[in-house]
Trainee: 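The structure under discussion is supplied below as structure tokens; questions concerning it will follow.
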Amino acid sequence: MILTLTETERQVALAISVAVALCGLALAAAGNQDTMEIHGWLILAFGGICALVVIREIWGPEPPKSRLESYYDEPIKFGIAASMAWAVVAMFVGVWVAALLAFPDLTFDGAWASFGRLRPVHTSGVIFGFGGNALIATSLHVVQRTSRARLPDQLSAWFVLVGYNLFCILAASGYLLGVTQSKEYAEAEWYADIWLVIVWVTYFILYIRTLARRKEPHIYVANWYFMAFILVVAILHSINNLAVPVSLGHAKSYTIWSGVQDAMVQWWYGHNAVAFFLTAGFLGMLYYYLPIRAQRPIFSYRLSILSFWGITFFYMWAGSHHLHYTALPHWVQTLGMTFSVMLLVPSWASAGNALLTLNGAWHRVRDDATLRFMMVAAVFYGISTFEGSFLAIRPVNSLSHYTDWTVGHVHAGALGWVALITFGSLYTLVPSLWKREGMYSPALVEWHFWLSLAGTLVYIFAMWNSGIIQGLMWRTYTEEGTLAYSFLDSLRAMYPYYIARAFGGLLFLIGAVIGAYNMWMTVRAAPAKAPLESDVPLNAAVAAAGRG
Amino acid sequence: MDISHDALVAFSKSWGLFYLIGLMIGVLIYTFRPSNRGKFNRAKQSVLDQDDKPWT
């Protein structure tokens, strides 16, 4: 891993590791007694370990010049491993928080295990840990292949992936300690946020530099989606996290926006995190790995361009549908609602494009669980975008808001679309990156597929039921005009659904564990692919052999 | 300068609309321009190429 870096790059890597470790030391010293001190030591240890890894091989031989004749895939392999590790951990925490709602004693009397602290570990762990690592890894794979160009250097990609995982660790460990900004999907505190800006800008520059080196004149549409993902997430993250720390020695900060402005900025961020983190990037995966796996070109390239511009420009305005019936001006709510409904057009264009690509390859969908992952992901993308547009309509929202229906909707998207397209892409990518004939066990891929699908369906049906029941109980009045049910009544009614939800999540988790095991064994034990025969006419090869 | 709420709403209702329509026209022209057809068809097919090496 270190040996693939040039000597200069190793020295820079060492300098960065030491600098990170020193920043950690400074944070630990400044954050005396504060929770920040623990993070300081954590950063110090992280930087120290990175420095040790580099030092061990810093004087090793220079990588051969012939490296420039192949793509640079080492960091991508790391990203895939990190992604699956986060998937297992964060989905486990997800099952735990789901179980907490039915069995509140599962906190074991630890403050760190309370629902409010564990839940962001689950959400950030799956979105940023699992999804983010998979996005970075696949984007770096796709941009090299579709540009026919190697990454411009060896160090940047490592910096992005390792640095990004430091952010994820800081975020998750902080939540357990009680460090939080209390902003949905943006809970990490100011020092972690600043670090993520540095990492993300490096990622953006790396992507642009690779595109600038492209040998293919046209930039394939998957890259447009990945670019939108990188660029918009940078903007969203920087603006939503503008905050002033209590002091440089404190983890706590206060956002510079206040009141309804803060709510608007937060949900502009929150909804576009769904749009550009959880949709655009994964559409990039879809537009590359689906055609590859189905061995058919995308149904309509033009449609993919039209839906790209539709999605990028419509999504930007949809965030205010999270704030129906609040202090937000009425016209801003209406704006959000209108754009959310319009979004159905480009969303279904993408889902339809994916499904029509499979037209003529249905026999492969039947036989190949990996392709089936992607097919079902496209179907869930269609379902959850329809549901999203529907829930954004103000009167519908009056029933669904603050209920489990929203949770069900999010999971239809996150499990059914995001996770399934990721698994499909990784099952395509892993054998090709590690040069294996195929996955270690196709039967385990089948198991993973059916467990995921069953888990998702159990989950969303449970949440639809409980959400609608909740919504109806909260708005039922007696003849005297008082509420018919107390909040506790509605909570009791949720009990069976919460158990069903935890069970659905458990099925999904088992699937993910099987997937991680299968990928691990593919790397360890699956037979290597025979190298491609040389591209020399047979006669010449025979003649050459004869001469030798 | 004092910007009133109404002025801001009027601005976004007019220019916001025009720029989205303008964008749509631009995208439609780019997408359906006959001279782009060959480029798009090549792009669509080229991801299926089997060779796994950067071009030099």
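These numbers were taken from a predicted model, which means no experiment stands behind them. Throughout, a chain's letter reflects where its sequence line sits, starting with A, and its residues are numbered from 1.
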Trainee: Considering only heavy atoms, which portion of A:L68 lies under 4.5 Å from any heavy atom of chain B: side chain, backbone, both, or neither?
Mentor: backbone
Trainee: For A:F339 and B:L20, run side-chain contact (heavy atoms from CB on, under 4.5 Å): C-alpha distance rounded to whole Å, both residues' side-chain angles, the deciding distance at 0.1 Å, then the answer.
Mentor: CA-CA 12 Å; A:F339 271 88; B:L20 278 174; 3.5 Å; yes
Trainee: Quick one: are A:L306 and B:L28 in side-chain contact, heavy atoms under 4.5 Å?
Mentor: yes
Trainee: With the side chain counted from C-beta on, respond yes when A:P297 and B:L48 share a heavy-atom pair under 4.5 Å apart, and no when they do not.
Mentor: yes
Trainee: Count the heavy atoms of every other residue, nucleotide or ligand shown that sit under 6.0 Å from CZ of B:F11, and state whether that count exceeds 12.
Mentor: no
Trainee: Short of 3.5 Å, which donor-acceptor contacts do chain A and chain B share? List atoms and distances.
Mentor:
from: A:Y71; atom 1: OH; to: B:K53; atom 2: O; distance (Å): 3.1
from: A:R145; atom 1: NE; to: B:D52; atom 2: OD1; distance (Å): 3.0
from: A:R145; atom 1: NH2; to: B:D52; atom 2: OD2; distance (Å): 3.4
from: A:R148; atom 1: O; to: B:W55; atom 2: N; distance (Å): 3.0
from: A:R148; atom 1: NH1; to: B:D51; atom 2: OD1; distance (Å): 3.1
from: A:R148; atom 1: NH2; to: B:S46; atom 2: O; distance (Å): 2.8
from: A:R148; atom 1: NH2; to: B:D49; atom 2: OD2; distance (Å): 3.3
from: A:F299; atom 1: O; to: B:K44; atom 2: NZ; distance (Å): 3.2
from: A:R302; atom 1: NE; to: B:T31; atom 2: O; distance (Å): 3.1
from: A:W331; atom 1: NE1; to: B:H5; atom 2: NE2; distance (Å): 3.3

